[in-house]
Amino acid sequence: MILQALYDYYQRKAVDPDKARRLPAFGLEDREIPFIIELSAEGRPLGIIDTRQGDGKKKLARRYQVPKGVKRAVNISANLLWDTAEYALGVDTRGKPARVVEQHAAFRQRIAELPEAARQDAGIQALEGFYANHGQASLATDPAWSEIVEGNPVVTFRLHNDGDLICQRPAVVAGLGALVESGATQGFCLVTGQETSIERLHAAVKGVWGAQTAGANIVSFNARAYESYGKTERQGENAPVGEFAAFAYTTALNHLLDRNSRQRIQVGDASTVFWAQKDDAEIEEGFAAIFGERDDPDARAEQVRALLGAVQSGQFDGGRGDKLFYVLGLAPNAARVSVRFWHAAPLHEIARQIRQWFADLKVARSAKDPEFPSLFRLLAACAQQGKADNIPPNLGGDIMRAILSGSPFPATWLNAAVLRCRAEQNVTYLRAAAIKASLNRLQRFQLNQSLDKELSEMLDLENNSPAYRLGRLFAALEKIQEEASPGLNATIRERYYGAASSTPVAVFTTLLRLKNHHLAKLSNRGRAVNFERLLGEIMGGLDDFPKHLSLPEQGRFALGYYHQRQDFFSTPSKSMQSTQGESK
């Protein structure tokens with residue numbers, strides 16, 4: 001299913017009306033080419049063109065469609081008409097002259113293997129003239145030559161005043177088909193269902209965060225334990241995929257994973273890509289805005305708001321909403337790529353689940369808090385020291401899977417959020433959102449639902465959950481202390497939050513005795529009376545202080561505390577208005 005969906009995506013993008021967005025034809029691939037050597041028709045070098053833009057180490061080379069590269073580790077194997085300076089120019093950049101001679105010979109041999117019609121092309125003839133007259137020596141005076149000698153960058157060739165590279169000229173592209181590996185095994189392709197030549201070694205997938213720089217494979221076999229039915233000589237036969245299908249799915253996936261792609265985000269350790277069955281730029285770019293980080297938070301919020309508005313207005317219902325949307329999460333696994341998660345569902349279903357995700361997250365916030373927090377920020381807020389490296393490896397993928405399927409969030413997320421609140425004695429907006437979303441999903445899917453109700457966005461005076469009320473009580477006691485002793489460096493939160501949220505009976509009797517001292521210090525007696533009434537309202541729903549609170553109950557405690565604190569700073573305060581109404 002994954003390879004089929006990627007194959008279909010390639011077929012769509014290969015004929016994109018916008019040439020800039022079109023994927024390479026069979027036998028070609030997109031590559032960054034930093035240097036182009038321009039030749040006259042006779043092969044005389046006219047200069048080195050630097051295609052890079054930017055400053056310092058951040059320079060980025062222009063991308064070109066070139067013949068598909070070969071897979072190599074330490075072996076000598078040359079690309080066709082483009083390669084590193086050692087291969088293409090025979091320049092020794094690492095003090096290994098004998099090896100460079102072999103590399104350059106391999107590069108020249110690839111050109112000699114082209115069909116006769118291609119070798120008669122003016123571009124190939126010029127390149128042969130360049131080599132015959134030792135044109136490399138003439139380049140030594142070019143300003144860019146020192147960078148080529150020192151860095152061994154990728155180079156290629158172009159005829160003067162020609163818009164195409166030599167490797168892009170029609171006669172050369174037409175000759176690529178003759179270079180397909182001879183003796184390829186015939187078989188039925190698992191992707192297309194057609195009998196065709198089976199690819200032995202699939203192209204590497206690049207751009208997966210944490211994977212090898214040279215790329216890794218989704219489909220590969222390199223040990224007898226993974227092979228079957230005696231298919232040991234040609235590893236690809238164990239999962240037969242045609243040469244064109246293998247090219248199509250790897251090209252599509254590398255395009256989606258490209259560092260400039262607008263259809264990829266990082267979810268924990270999972271490099272996540274997404275695409276629609278039919279061309280739909282709004283949802284493809286909107287998905288990245290919803291779950292990814294953007295340089296402009298305001299623009300991101302507007303994109304999310306527009307997408308949610310489209311869901312509300314029904315734009316994703318009917319014909320458009322019936323088209324499938326795909327989400328694929330990939331993680332490194334040595335020389336391979338692991339599929340962390342895969343989800344395929346109609347657009348209207350994806351849109352509905354996204355709307356539910358933000359509804360579950362919605363909680364009272366200050367003006368500085370983001371209305372639509374990104375998944376990365378939510379994960380980082382629940383990690384030790386807020387560092388991405390401390391996010392559990394599978395957590396992001398598990399949450400994404402739950403978002404798209406509408407299932408409960410992993411218990412590890414709730415556990416991480418609660419533990420961070422206790423460790424730092426601080427219930428932040430992002431942790432409160434994570435706790436609320438986790439508890440409400442859990443409540444929704446319990447077979448035997450308890451008397452606890454779903455948690456609301458703001459303070460709920462009718463919520464009789466003991467844990468929730470204890471959290472409110474702790475916030476009220478802290479507020480009394482703050483008003484009684486303005487400018488305190490530390491409040492009861494720094495000393496007692498952890499114990500109060502896990503073993504209430506151990507600390508609340510002490511805290512209630514302390515509050516009498518704090519109330520006595522308040523100069524505004526009306527304020528003191530209102531606080532007394534608020535404490536009475538909160539404790540009216542409590543029979544006793546529990547000895548221990550479970551993990552979900554600790555989450556409710558945190559939400560009760562957070563809601564009550566937010567209410568104190570809101571205008572007007574719902575809880576204080578209630579006590580004032582009673583006094584009247």
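Since the model is a prediction, treat every value here as computed from it, not as a measurement.
Not one N or O on the side chain of Y326 forms a donor-acceptor pair closer than 3.5 Å with the backbone of W342. Panel note: side chain T51, backbone I33; a donor-acceptor pair is recorded below 3.5 Å. Side chain of E243 to backbone of A245: no donor-acceptor contact under 3.5 angstrom is found. At distances below 3.5 Å, not a single donor-acceptor pair connects side-chain atoms of R94 with backbone N or O atoms of E86. Without hydrogens or angle criteria, E147 side chain to A144 main chain gives no donor-acceptor distance under 3.5 Å.
Screening K436, R355, R444 for a side chain to side chain donor-acceptor pair (under 3.5 Å) involving D360 leaves a single residue, R444. Each of R63, K206, R264 was scored for a salt bridge (Lys or Arg N to Asp or Glu O under 4.0 Å) with D258, with one residue passing: R63. The side-chain contact (heavy atoms from CB on, under 4.5 Å) test with V205 is passed by exactly one of L257, L256, N217: L257. When N394, N333, T272, D398 are each tested for a side chain to side chain donor-acceptor pair (under 3.5 Å) with R340, only one passes: N394.
The shortest non-hydrogen separation linking A239 to V219 is CB-CG1, 4.1 Å. For the pair L159 and I166, the tightest heavy-atom approach, listed with the atom from each and the gap, is N-CG1, 4.1 Å. Closest approach of L28 and F247 over heavy atoms only: O-CE1, 2.9 Å. Closest heavy-atom contact between I391 and A383: CG1-CB, 3.9 Å.
In this structure, V337 and P332 have side chains that are not in contact, with every pair of non-hydrogen atoms separated by 4.5 Å or more. In this structure, P67 and W82 have side chains that are in contact, with non-hydrogen atoms separated by less than 4.5 Å.
Using the six-membered ring where Trp is involved, F244 and Y7 have ring planes that are perpendicular, over 60° apart on the 30 and 60° scheme.
With sequence neighbours excluded, the residues that form a side chain to side chain contact (heavy atoms under 4.5 Å, CB included) with A246 are E199, H202, V241, Y249.
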* Carefully, step by step, assess T93 and E150 under the rule side-chain hydrogen bond (donor to acceptor under 3.5 Å, both in side chains). => CA-CA 6 Å; T93 64; E150 293 171 7; over 6 Å; no
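For the residue pair N79/R110, the side-chain donor-acceptor check at 3.5 Å is not satisfied. For the residue pair T196/Q186, the side-chain donor-acceptor check at 3.5 Å is not satisfied.
When ring centroids are compared, F409 and W357 come within the 6.0 Å threshold. Aromatic pair F274/F291: ring centres not closer than 6.0 Å.
Sparse packing is recorded around CZ of R62, with 12 or fewer heavy atoms of other residues, nucleotides or ligands lying under 6.0 Å away. Heavy atoms from other residues, nucleotides or ligands lying under 6.0 Å from CG of D18 number more than 12.
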